[in-house]
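Here's the structure we're looking at; comments come further down.
Side chains are part of it too, since the values below use all heavy atoms of this structure and drop only hydrogens, waters and symmetry mates.
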Amino acid sequence: TESNVLGTGTPETTILDNVTIGDVDLATTGGLDANTFGKGQIVVSLTGAQAGEILSVSGSLAGIDSVTGGTGGSALTINLTDTATLAEVKAIVEAIKYQSTGDIVTGTRNITVNLYDAQGSSQDGNIQSGGDAGASRLSASIAATVTVTEQNDPPGISGSPSITAKEDIDYVFQVSDFNFTQTGGESALDTELNKITIKSLPEGSKGSLFYDADGDGVFTEILDVTGGLDVSAQDIADGKLIYRSDPNLNQSQADNSFSYSVWDKGHASDPTIRESADGTMQINVDQQNDAPVLTATNKTASATESATSATGTDPVQIVSGVTLSDFDLSTTDGLSVFGKGTLTVEIVGATTATKEYLTLSGSLPAGVTVVDSQGSPISLSSTVGDNKLVFSLDADTTAAEVQSLMESLRYHTESDVLDGTRTVKFTINDGNNEQTNGNTAGGPTSLEATLNATVTITEVNDPPIGSDKTVIAT
C-alpha cells in the first residue's frame with residue numbers, strides 16, 4: 001500500500017516466498033555437489049516499469065557474486081558464486097524486493113524472475129569447482145505480481161504565496177492566489193483545490209479579511225479562526241473572500257499576512273481528502289493617490305472703494321490661516337514634501353472690463369513659476385497681476401510654501417462701480433506628489449482640492465467732475 005506521506009511511495013515488499021530450487025544435473029552428473037547450484041544468474045524484470053519503481057536484493061547475502069540494475073526500468077541482475085548452494089539461492093530469490101518511491105503507481109505490477117544455471121548464454125551450466133553440467137545454460141522462471149494500492153497524498157503550497165492590493169480598494173481573492181499544488185499528480189480530482197482553512201488572521205491594525213459566507217452580498221469581518229475557518233474553493237472563485245486594508249495605508253506600513261492550509265478532493269482510489277502543511281499568505285498594498293485637503297481659518301475679506309475717482313480699492317489679503325495637508329505624505333514611502341502640482345487662483349467672473357487683479361505681497365517660493373490668464377509668464381509683484389494666475393510647483397515644494405503663497409496673494413480692483421461680493425477660487429492639484437527622486441503617491445491620476453474665498457466691496461460715491469466754463473450773455 002502506498003504511503004499517504006508525499007514522496008514516500010510503498011515500503012519494500014518481498015515478491016516470492018516458499019520457493020523451491022532444484023536441478024536434476026546436480027544429482028546425476030559426476031563431479032557436481034548435489035547441494036551446490038554453482039555459478040548461475042538470477043534476472044528479475046518488471047513489465048512496464050515506471051519512474052521510481054525499484055527491484056532490489058541485499059548484496060551481502062551468501063552466494064552472491066555481484067548485483068546490478070533494478071532501477072530506471074532496468075532488470076535486476078544477480079550473479080551467483082560457484083559455491084552458491086541451493087539453500088543460498090532459495091534465500092536470495094525470497095529476498096528479492098519490490099518498491100515504488102513515487103506517488104502515482106497503482107494496480108497490478110507484473111514481475112518475472114528467471115533463474116539461469118550459468119551467467120553467460122554460451123557457458124556450461126552449474127559450474128562448480130568440481131565441474132559443470134555441460135551444454136549451454138538453461139533457465140526456469142516464476143511469474144509474480146505485486147498489487148499496489150494507491151493512497152491520496154496531501155497537497156502542498158508551492159512557492160511564496162502573496163497578493164498585492166491597492167490602497168483603499170478591497171482585494172478579491174482568486175483560487176490561484178493560494179498556490180495549491182499536488183505533486184503526486186494523481187488524478188484530475190486530486191489536482192484541484194477543495195477548500196482552504198484559515199489558521200491565523202492578519203494584523204488587525206493594518207487590515208482584515210471579510211467573508212460573505214451566506215452569499216447575500218454582505219461581507220462580514222472575520223474576527224476569530226480558533227480551530228480554523230474553512231472557505232471553499234467555490235466561494236473563493238465566486239469572490240466571497242476579500243482583504244480590506246485600513247484606510248490610506250500602503251507599502252511598508254500596510255505589509256500584512258495570515259496563515260492557512262489547503263485541502264484536496266481525494267480521488268477514485270482513495271476518496272479521503274487531505275490537508276497540506278500550513279503556509280503564509282503575504283499581503284502587499286500598493287500606494288494610491290489621495291486627494292489633498294485645503295482649508296483656511298479666514299476666507300472672507302472686505303475692501304472699500306476709494307472716494308477718489310478711478311482709484312478702486314486698496315489691495316487686501318484674501319485668506320489667512322491656510323492649511324494644506326495630504327495623507328500620502330505620511331503614509332506613502334518615499335514622500336517627504338508636497339511636490340509637483342499646480343495652484344490655480346482666479347477671480348470668478350472677472351474680465352478685463354471689471355479691472356480686478358490678483359497680486360503678490362512678497363516673492364515666489366524657489367522653483368515656483370506663474371502664468372497669467374492667457375498662459376503667458378508674468379512678473380508677479382505687488383503692482384503687477386491678473387484676474388487669473390496659475391502657479392507651477394516644483395518637485396521639492398513644501399505644503400508650508402504653498403500655504404504662505406496663498407496668504408501672500410492680494411485682491412484689488414481699479415473699478416469705481418464694483419459693489420458687493422466677489423469670489424476668489426483656489427484650486428490645488430497635487431500632481432501625484434511627484435518628488436525630486438521620482439517617487440509618487442501612486443496615481444492613477446493627480447487629484448485636486450478647492451477653496452472659495454470672498455471679498456466684499458463697498459462702493460463709495462465719487463465726487464462729480466466739473467470745470468470752468470465761460471458763458472456770454474447778450
May I ask you to decide whether Lys166 forms a salt bridge with Asp286, counting only side-chain N to carboxylate O separations under 4.0 Å?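 Not counted as a salt bridge, because no side-chain N and carboxylate O are separated by less than 4.0 Å.
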Measure across [X] and [Y] and return the closest heavy-atom pair with its distance rounded to 0.1 Å.
X	Y	value
Val316	Ala301	CG2-CB, 4.4 Å
Pro247	Asp168	CA-OD1, 3.2 Å
Phe258	Ser200	CB-O, 3.1 Å
Val172	Asp177	O-OD2, 4.5 Å
Ala49	Arg109	CA-NH2, 4.1 Å
Glu356	Tyr411	OE2-OH, 2.6 Å

Under 3.5 Å, side chain of [X] to main-chain N/O of [Y], donor-acceptor pair present?
X	Y	value
Ser392	Thr369	no
Asp328	Thr332	no
Asn256	Glu203	yes
Ser408	Ser404	yes
Thr423	Val348	no
Asn289	Thr445	yes
Ser261	Glu275	no
Gln287	Asp333	no
Asn433	Phe338	yes
Gln99	Ile54	no

Worked check of side chain to side chain contact (heavy atoms under 4.5 Å, CB included) between Leu329 and Val337: CA-CA 7 Å; Leu329 304 186; Val337 296; over 6 Å; no
So, taking the atom named [atom1] in [X] and the one named [atom2] in [Y], what distance separates them when rounded to the nearest 0.5 Å?
X	Y	atom1	atom2	result
Tyr98	Ser56	OH	OG	11.5 Å
Thr344	Phe391	OG1	CZ	9.0 Å
Leu209	Tyr171	CG	OH	12.0 Å
Thr440	Glu434	OG1	CD	7.5 Å
Ile347	Thr413	CD1	OG1	8.0 Å
Asn194	Ile196	CG	CD1	11.5 Å

Might you work through the side chain to side chain contact (heavy atoms under 4.5 Å, CB included) test for Leu360 and Val370, ending with a clear yes or no? CA-CA 11 Å; Leu360 179 68; Val370 59; over 6 Å; no
I'd like to know whether [atom1] of [X] has more than 12 heavy-atom contacts from other residues, nucleotides or ligands below 6.0 angstrom.
X	atom1	result
Lys299	NZ	no
Lys355	NZ	no
Tyr243	OH	yes
Lys240	NZ	yes

Does any non-hydrogen side-chain atom of [Y] lie less than 4.5 Å from one of [X]?
X	Y	answer
Ser336	Gln435	yes
Leu358	Ile318	yes
Asp386	Ile378	yes
Asn179	Met281	no
Leu418	Glu305	no
Lys97	Thr14	yes
Asp230	Lys195	yes
Val322	Phe426	no

Examine the side chains of [X] and [Y] and answer whether a donor and an acceptor come within less than 3.5 Å of each other.
X	Y	result
Ser232	Gln234	no
Thr397	Asp394	yes
Ser259	Asp278	no
Asn110	Thr145	no
Thr272	Asn152	no
Thr342	Asn429	no

Test side chain to side chain contact (heavy atoms under 4.5 Å, CB included) on Asp264 and Gln182 and set out the steps. CA-CA 8 Å; Asp264 62 22; Gln182 179 54 275; 3.2 Å; yes
Verdict with reasoning, Val113 to Ile42, per side chain to side chain contact (heavy atoms under 4.5 Å, CB included): CA-CA 7 Å; Val113 179; Ile42 303 168; 3.9 Å; yes
Could you list the residues that satisfy side chain to side chain donor-acceptor pair (under 3.5 Å) with Asp419, not counting sequence neighbours?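 Checked Asp419 against side chain to side chain donor-acceptor pair (under 3.5 Å); zero matches.
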Pairing residues for Glu167 by the side chain to side chain donor-acceptor pair (under 3.5 Å) criterion, not counting sequence neighbours: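 Only Asn250 meet the side chain to side chain donor-acceptor pair (under 3.5 Å) criterion with Glu167.
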Determine, stepwise, if the pair Asp246 / Lys206 fulfils salt bridge (charged side-chain N to carboxylate O under 4.0 Å, His left out). CA-CA 5 Å; Asp246 274 15; Lys206 296 181 177 181; over 6 Å; no
List the atom pairs, donor and acceptor, that lie under 3.5 Å between side-chain atoms in residues 217-229 and the rest of the protein, sequence neighbours left out.
{"unit_1": "Glu221", "atom_1": "OE2", "unit_2": "Ser208", "atom_2": "OG", "d": "2.7"}
{"unit_1": "Asp224", "atom_1": "OD1", "unit_2": "Thr226", "atom_2": "N", "d": "3.0"}
{"unit_1": "Asp224", "atom_1": "OD1", "unit_2": "Thr226", "atom_2": "OG1", "d": "2.6"}

